Structures are given as C-alpha cells and as structure tokens.
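Every chain is numbered from 1, with letters handed out A, B, ... down the list of sequences. Here the structure is a predicted model, which means the values were calculated and not measured. No hydrogens, no waters, no symmetry mates; every other heavy atom, side chains included, goes into these values.
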Number of protein chains: 2
Amino acid sequence: MKSIRETAVSFGVTPRTLRYYEEIGLLTPGRSSGNQRVYASQDAARLKLILRGKKYGFSLEEIREMILLFDEDRSGRKQLERSIEYGEKRIREIETVISEFQLLKEEMEGWLMHFEQKLKEEES
Amino acid sequence: MKSIRETAVSFGVTPRTLRYYEEIGLLTPGRSSGNQRVYASQDAARLKLILRGKKYGFSLEEIREMILLFDEDRSGRKQLERSIEYGEKRIREIETVISEFQLLKEEMEGWLMHFEQKLKEEES
DNA sequence: TTTATCATTGACGTTAACGTTAACTTCAAT
DNA sequence: ATTGAAGTTAACGTTAACGTCAATGATAAA
C-alpha cells in the first residue's frame with residue numbers, strides 16, 4: 001500500500017497525473033481512514049498498463065475504452081477480441097511509419113552523396 | 001498558381017491550416033493583386049514537407065527549425081561541409097527513430113499479449 | 001451587372017493532458 | 001503538542017493546432 005507520492009515517484013509521474021487519471025476513471029485507488037489515496041498492487045499494475053499505452057501513442061480516452069471493455073466484458077470475449085484487433089491495427093500503422101522512415105533515410109543519403117561529390121570536385 | 005482552397009483541398013487540409021502555417025512562419029505564399037494568397041509549386045513542395053514531418057510525429061515547431069536549417073544550408077553553398085555534417089546527423093537521428101519504433105512495436109506486441117493471455121484464461 | 005462564392009484579418013472558442021494556486025486537513029517526527 | 005511536509009478538493013491557467021464566427025473585400029459565372 002503506497003501513498004500518492006510514492007506511487008507517482010516510482011512511475012515517474014506527478015501526483016496531479018494520478019489524480020487526473022482517477023478523475024477520468026482510469027484509476028480507482030482506495031482511501032485511508034483520513035481520506036487519503038492508497039495505491040495497491042492492482043492499481044500499480046493498471047497504471048503500468050496506462051503508461052505503456054501512452055507510450056504506444058494511444059490517447060487516454062482510447063486506453064480508457066480498452067480497459068473498460070476488458071473490465072465490463074469478462075464473460076463475453078467478442079469485445080476483447082476487438083480491442084486486440086485495434087492494437088494490431090496500430091502495430092501495422094507503426095510498421096508503415098518504419099518503412100517510410102527507411103525510405104526517407106535513403107532519400108537523405110542520396111541527397112548527401114550529391115554534396116559529398118561536389119566537395120571532392122572542389123578538392124581536386 | 002493555386003488559390004488557398006485549391007491548395008488546401010489537394011493536400012487534404014483546411015484553408016485555416018494554411019493560414020496558420022503562414023502565421024507561424026512555415027509557409028510564405030505570394031499575394032494576388034487583390035491581396036489573396038497564391039500558392040506556387042515551391043509552396044506546395046514545402047507544404048508536402050511539412051505534412052510529411054507531421055506524419056512522422058514532429059511538432060510544427062520542430063519542423064520549422066528543420067526547414068530553417070535546410071534553407072540556410074541551401075543558400076550558403078560555401079558551407080558544404082557543415083551541410084553534410086548536418087545531414088549525417090539527421091540520418092543518425094532517423095536511424096535512432098527507426099530503432100525506437102522497432103522497439104516500440106515489439107513492446108506493443110507484448111502489451112497486446114497481456115490481453116490475449118487474459119482471453120485464454122477465460123476460455124479455460 | 002448582379003449574384004454566389006471565395007478570400008481576408010481579427011478575435012474568441014476548443015480539446016487533451018496535465019500545471020498551478022488557494023484554502024484547508026492529515027500524518028509523521030520531534 | 002507543535003510543526004512541517006504531504007494530502008485533499010475546487011477551480012482557473014497553459015500549450016498546440018487548429019475551428020469558428022463576424023465584418024468586409026475580391027472574383028467568377030450567368
């Protein structure tokens with residue numbers, strides 16, 4: 001059971017971020033006798049999931065939808081499969097970005113060779 | 001020579017976007033006798049560059065800096081060496097981005113497996 | 001020439017994801 | 001018991017990248 005600051009520090013975020021995530025329904029930590037937030041391991045696990053999702057370019061709203069679908073639909077797996085498909089679509093998009101960057105890199109290398117050639121011409 | 005709407009439509013953006021890009025110094029189209037913006041092929045080329053940069057996740061500010069550097073390099077032909085140096089730096093940066101994206105893709109596949117595993121647990 | 005669009009500048013509105021401040025309350029250590 | 005750090009809610013502030021008027025001028029089609 002950790003406090004809000006301990007949790008925040010261990011995940012590299014601010015307390016405000018944790019309160020905000022709770023505000024939009026992404027986290028639901030417990031409360032102490034004095035009404036202070038207490039974060040259990042399940043909360044930490046969910047936070048880890050959220051931060052990973054963010055890293056992968058999902059908006060908090062998208063992450064919320066995926067988590068809610070998962071929570072609400074434990075018996076019906078149809079929605080869950082759709083969540084997975086959604087993620088796989090994202091992966092394919094990333095693959096596209098990678099290949100485009102590779103193209104850009106090759107373009108730039110060609111552009112550079114043009115100048116390197118000019119430089120050599122001036123040396124001679 | 002195209003009007004603002006023609007240009008916007010052909011690039012899939014709105015006129016507001018083009019005015020905004022001009023406002024922050026990303027585009028500098030000419031003006032007609034009646035003070036209306038006219039977009040030449042150079043402007044279209046630059047717009048293409050901007051949109052490609054956006055697609056790769058660069059902010060407009062980052063794109064602005066890159067374009068300014070690019071312009072400096074092109075006008076100062078005496079600084080060929082520095083141009084090449086800059087280009088090589090950019091290529092190394094792009095290589096970093098590519099490898100980061102590849103890592104991201106792998107991690108994301110792991111993230112999805114979290115859901116897929118839960119799916120299998122429900123099956124049993 | 002008269003519409004019917006289209007364009008211009010200026011200014012305020014919008015959304016996401018928090019930051020910041022205020023005015024308290026609770027906790028931990030002395 | 002006191003004090004200083006940390007927590008609470010509520011509400012307003014911030015930034016990027018435009019969206020959306022409003023008032024007015026320019027242009028193209030019939």
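The side chain of B:Thr17 lies closest to D:dC18, out of D:dC18, D:dT27, C:dC18. Ranking C:dT8, D:dT9, D:dA11 by closeness to the B:Asn35 side chain, first place goes to C:dT8. Here the nucleotide nearest the side chain of B:Ser3, chosen from C:dA7, D:dT27, D:dT8, is C:dA7. Of the candidates D:dC18, D:dG7, C:dC18, D:dC18 carries the atom nearest the B:Tyr21 side chain, counting heavy atoms from C-beta on.
Atom-to-atom, CG of B:Leu27 to P of C:dT8 comes out at 13 Å; the value is rounded to the nearest Å. Here D:dA16 presents its P atom at 11 Å from CZ of B:Arg64, a figure rounded to the nearest Å. Atom-to-atom, CD of A:Glu61 to C1' of C:dT15 comes out at 12 Å; the value is rounded to the nearest Å. With rounding to whole Å, A:Glu22 atom CD is found 11 Å from D:dT8 atom C1'. The separation between B:Lys2 atom NZ and D:dT27 atom P is 20 Å, rounded to whole Å. As rounded to whole Å, 10 Å separates atom P of D:dG7 from atom CG of A:Leu18. To the nearest angstrom, C1' of C:dT21 lies 13 Å from CZ of A:Arg19. One interatomic measurement links the two molecules: CG of B:Leu26 to P of D:dA16, which rounds to 13 Å at whole-angstrom precision.
The nearest heavy atom of DNA chain D to A:Gln36 and to A:Arg16 marks one nucleotide each, and the one closer to the 5' end goes with A:Gln36.
Taking 4.0 angstrom as the limit, B:Arg37 places a side-chain polar atom (N or O) nearer than this to OP1 or OP2 of C:dT8. Between B:Arg5 and C:dA7 there is a side-chain N or O to OP1 or OP2 distance below 4.0 Å. Taking side-chain N and O atoms only, A:Lys54 has a distance below 4.0 Å to OP1 or OP2 of C:dC18. Remark: B:Ser32 is not in phosphate contact with C:dA7, judged by side-chain N or O atoms under 4.0 Å from OP1 or OP2.
Summarising the geometry, atom CZ belonging to A:Arg16 is positioned 10.5 Å from atom CG belonging to A:Leu18; distances are rounded to the nearest 0.5 Å.
Comment: A:Glu23 does not engage A:Arg37 in a salt bridge, judged by the lack of any side-chain N to carboxylate O separation of less than 4.0 angstrom.
Nucleic acid contact for B:Ile24: none, since no nucleic acid atom lies under 4.0 Å from a heavy atom of the residue.
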* Give the C-alpha distance, both sets of side-chain angles, the deciding distance and a yes or no for salt bridge (Lys or Arg N to Asp or Glu O under 4.0 Å) between B:Arg64 and B:Glu61. => CA-CA 5 Å; B:Arg64 201 180 62 81; B:Glu61 178 57 25; 3.1 Å; yes
* Would A:Thr28 and A:Tyr21 count as a side-chain contact (heavy atoms from CB on, under 4.5 Å) if you check the C-alpha gap in whole Å, the side-chain angles of each, and the deciding distance to 0.1 Å? -> CA-CA 9 Å; A:Thr28 47; A:Tyr21 288 175; over 6 Å; no
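In this structure the side chain of A:Leu47 never reaches within 4.5 angstrom of the side chain of A:Tyr39, judged on heavy atoms.
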